[in-house]
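We use all heavy atoms of the structure for the numbers below, so side chains are in, but hydrogens, waters and symmetry mates are not. Below, chain A is the first sequence line, B the second, and so on; all start at residue 1.
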Number of protein chains: 2
Amino acid sequence: MTRAGLTAERLTVAAAELADEIGYENVTVSAVARRFGVKDASLYSHIRNAQDLRVRVALLALSELADRVAAALAGRAGKDALVAFANAYRAYAKEHPGRYAAMQIDLDPETAAASAGPRHAEMTRAILRGYQLSEPDQTDAVRMMHSTFHGYVSLERSGGFRHTPREVDASWARSLDALDSILRNWPPQ
Amino acid sequence: MTRAGLTAERLTVAAAELADEIGYENVTVSAVARRFGVKDASLYSHIRNAQDLRVRVALLALSELADRVAAALAGRAGKDALVAFANAYRAYAKEHPGRYAAMQIDLDPETAAASAGPRHAEMTRAILRGYQLSEPDQTDAVRMMHSTFHGYVSLERSGGFRHTPREVDASWARSLDALDSILRNWPPQ
DNA sequence: GGAACTAGCCTAACACCATTAGGCAAACCA
DNA sequence: TGGTTTGCCTAATGGTGTTAGGCTAGTTCC
C-alpha cells in the first residue's frame, strides 16, 4: 500500500482547485480526501480542521492575487497603473471564483497581518503616488478604490448586473475612467 | 400537546434573526427547529429544503432593505438623495449582517425578477434623475454606485479596513462626496 | 541486515445536519 | 359528534466534521 503523500500545501492547492471547480461552499474535508483517495480522518494530521483548511486557501489566494497585481503594475503609473491593477484583480476573480470567494472570510488580526493583504494595500497606495493625494485623502481613496473593485467583481459574479443589457466590460471601463477622473480631482474637504 | 404554529413566514423571520445573531453560515434547519422547540423534520411541511429557507431569508432582506431605502429617499433629490440612499443601505447592513449576507446568494432569474431587486435598481435610477445622465452612462453609473456601496459595506464588515487608523465613517462620507462629484461630472466617452 | 523509531494513513466511533416516509393526534368542519 | 385535514412526531438513511487509537511503510542507527 503506497502512501498518498499528503502535505498541508498539497491539500490547500487541491482545496483551491476544488473551490474553483465546484464552488467554495461545496469544498469540504471529505471532498478533498476523496480527491486524494484517502479517508477523511487522514487529513487531520496535516490540517487542524476544516476552518484551518479554509484559511489556508484564503492565504494562498491572497498571495497569488498579490503576485499577479504586482506583475501587472510593473513599469506603469497613473491611469495606466490603475487600469492594470483593476483588470488584474477582476481577471483573477473570474478565473478563480472559488479562490476569490475564499479570500472573503475574515482572518483574525495576526493572520491577516501575516497575509498578503498588506501587500495589496501597499500596491494600492503605490498607484496613488501618480495622483498627488496626501493623508487622509489617500486612505479614503484607497478604500474607495478597493470597494469599487471588490463590489464590481462580486456583483458581477453573483449575477447582479444580468438584468440590464449593457455590456459589463464596457461599464467596467467607464467606471475605471470615472475612478481615474475622481482621483485626479479629489473633492476638497 | 399544543402545536408550535409553524408557518413558512415565521420560519423565515426566525432564520433571519438567527442569521443576525450567530452568522449567516451558521443558520441551519436544525437551529431553526430548535428555536421553535420542534424536531427538524417538522419544518419540511413548510419549507421545501434548506436552500428554500435561505432564498426566503434573502427575499425578506431584499424587501426590508428596499422599504428602508424608499423611506430614506422620500422627498430628497440630488446629493441629498444619494447620501440618504447610501446611509440607509450601510445602516441596514450593519444592523442586520446576517440578512445582508443572505442577500448575496444568487437567485435564479425568475425569483430575482419577482424579488425586491428591481425596486432597488429603480430607486438607484431615480437618484440619477438629479444628475442628468442619459443611457448608457446611466447604467454605468448605477453599476458603479451599487458596486461602491456593496464593496464598502462588505469590506467594512469583513474587517478589511481595520489596519488603517482613519475613521471608517469619515472615509465613507468622503467616498460619497467623491461619488457625487463624479456623477456631476461624468467623464465623456 | 535487522531493530527501533517516526510518521502516515487506516478503522472505529460519535455528534450534527439534511431529508424522506409514515404515524398519530389536534384542530377544524359539517 | 364523527370525519377529515393538517401539523408535528418517530424512525431511518446518508453526508460531514472530528477524535482516539492502531498498524505498517519508510527511516535511522547499530
Q: Give, ordered by number, those residues of residues 35-50 of chain A having at least one heavy-atom distance below 4.0 Å to an atom of DNA chain D; if nothing qualifies, reply none.
A: A/Asp40, A/Ala41, A/Tyr44, A/Asn49, A/Ala50
Expressed as a whole number of angstroms, how long is the span from [X]:[atom1] to [N]:[atom2]?
| X | N | atom1 | atom2 | result |
| --- | --- | --- | --- | --- |
| A/Leu53 | D/dT16 | CG | P | 14 Å |
| B/Gln51 | C/dC17 | CD | P | 18 Å |
| A/Glu25 | C/dA18 | CD | P | 15 Å |
| B/Asp52 | C/dT20 | CG | P | 12 Å |
| B/Glu9 | D/dG7 | CD | C1' | 16 Å |

Q. Do NZ/NE/NH1/NH2 and the carboxylate oxygens of B/Lys94 and B/Glu156 come within less than 4.0 Å?
A. yes
Q) Between A/Asp67 and A/Arg119, is the closest basic N to carboxylate O distance under 4.0 Å? A) yes
Q. Do the side-chain N or O atoms of A/Thr28 get closer than 4.0 angstrom to the phosphate oxygens (OP1, OP2) of D/dG15?
A.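 No, outside the criterion.
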**Q.** Short side-chain N/O contact from A/Arg34 to OP1 or OP2 of D/dT16, under 4.0 Å
**A.** yes
Q: Measure from the side-chain N and O atoms of B/Ser181 to the backbone N and O of B/Asp177, and report whether any donor-acceptor pair falls under 3.5 Å.
A: no
Q | Shortest non-hydrogen contact from A/Val57 toward A/Ala15 | A |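 Looks like CG2-CB, 3.6 Å.
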(Q) Could you report the tightest heavy-atom contact between A/Met103 and A/Ala61, atom names first, then the distance? (A)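 Taking every non-hydrogen atom into account, CG-CB, 3.5 Å.
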Q. Does the separation of the ring centres of B/Tyr100 and B/Tyr24 fall below 6.0 angstrom?
A.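 No, the ring centres sit 6.0 Å or more apart.
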